[in-house]
Chemist: 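Quick one: structure below, then a few questions.
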Amino acid sequence: MIQERRKEPIRRRQLKAGTIAFGYGGGISCVVRNLSRAGACLEVTSPVGIPDRFDLLVESDNLRQGCRVAWRREKRIGVEFV
């Protein structure tokens, strides 16, 4: 049996355009795959070059949220909101 390790196990599936924003105007496009009050799963072209901390922007929801990377996979990253 797989043990649930998320702090907030209830996540809503999403398919929204987002931006990983960092530095002075730097940004990487992403897709928000799921979202909870505590974090999100983001789909990216590559996790290479994405810093451990950044702001997630989702214009359709008027959201700007500070994030810390919890895990990285080939084309996805899990983030915890800070």
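These figures come from a predicted structure and were not determined experimentally.
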Chemist: Quick one: closest heavy-atom pair of G49 and F22, and the distance?
Modeler: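 For G49 versus F22, the nearest heavy atoms are O-CZ, 4.4 Å.
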Chemist: Would you give the length of the straight line joining atom OG1 of T45 to atom CD of E74, rounded to the nearest 0.5 angstrom?
Modeler: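 Nearest 0.5 Å value for the OG1-CD distance: 11.5 Å.
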Chemist: Pair Q65, D55 - check side-chain contact (heavy atoms from CB on, under 4.5 Å), show working.
Modeler: CA-CA 5 Å; Q65 180 66 54; D55 284 346; over 6 Å; no
Chemist: Report the C-alpha separation of I28 and F54 in whole Å, then their side-chain angles, then the decisive distance to 0.1 Å, and conclude whether the side-chain contact (heavy atoms from CB on, under 4.5 Å) test is met.
Modeler: CA-CA 11 Å; I28 296 172; F54 57 83; over 6 Å; no
Chemist: Holding to salt bridge (charged side-chain N to carboxylate O under 4.0 Å, His left out), I want the full list of residues that pass it with K16, two or more places apart in sequence or in another chain.
Modeler: D61
Chemist: How many angstroms lie between atom CD1 of I20 and atom CG of L42, to the nearest 0.5 angstrom?
Modeler: 5.5 Å
Chemist: Kindly give the heavy-atom pair with the smallest separation between A17 and V58, and that separation in Å.
Modeler: O-CG1, 3.8 Å
Chemist: What heavy-atom pair brings G39 and F81 nearest, and what distance separates the two atoms?
Modeler: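 What the structure gives for the nearest pair is N-CD1, 3.5 Å.
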Chemist: Between CH2 of W71 and CD of E80, what distance do you get to the nearest 0.5 Å?
Modeler: 13.0 Å
Chemist: Does I77 form a side-chain contact (heavy atoms from CB on, under 4.5 Å) with V79? I'd like the steps, not just the answer.
Modeler: CA-CA 6 Å; I77 59 173; V79 297; 4.3 Å; yes
Chemist: Taking all atoms of both residues into account, what is the closest heavy-atom pair of C30 and L56, and its distance?
Modeler: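 Minimum heavy-atom separation between C30 and L56: SG-CD1, 4.0 Å.
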Chemist: Minimum heavy-atom separation for A40 and L35, please, with both atom names.
Modeler: CB-CD1, 3.8 Å
Chemist: Which heavy atom in A21 sits nearest to a heavy atom in L57, and how many Å separate them?
Modeler: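 A21 and L57 have their closest heavy atoms at CB-CD1, 3.8 Å.
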Chemist: Salt bridge (charged side-chain N to carboxylate O under 4.0 Å, His left out): which pairs involve residues 42-52, sequence neighbours left out?
Modeler: R33-E43, E43-R76, D52-R72
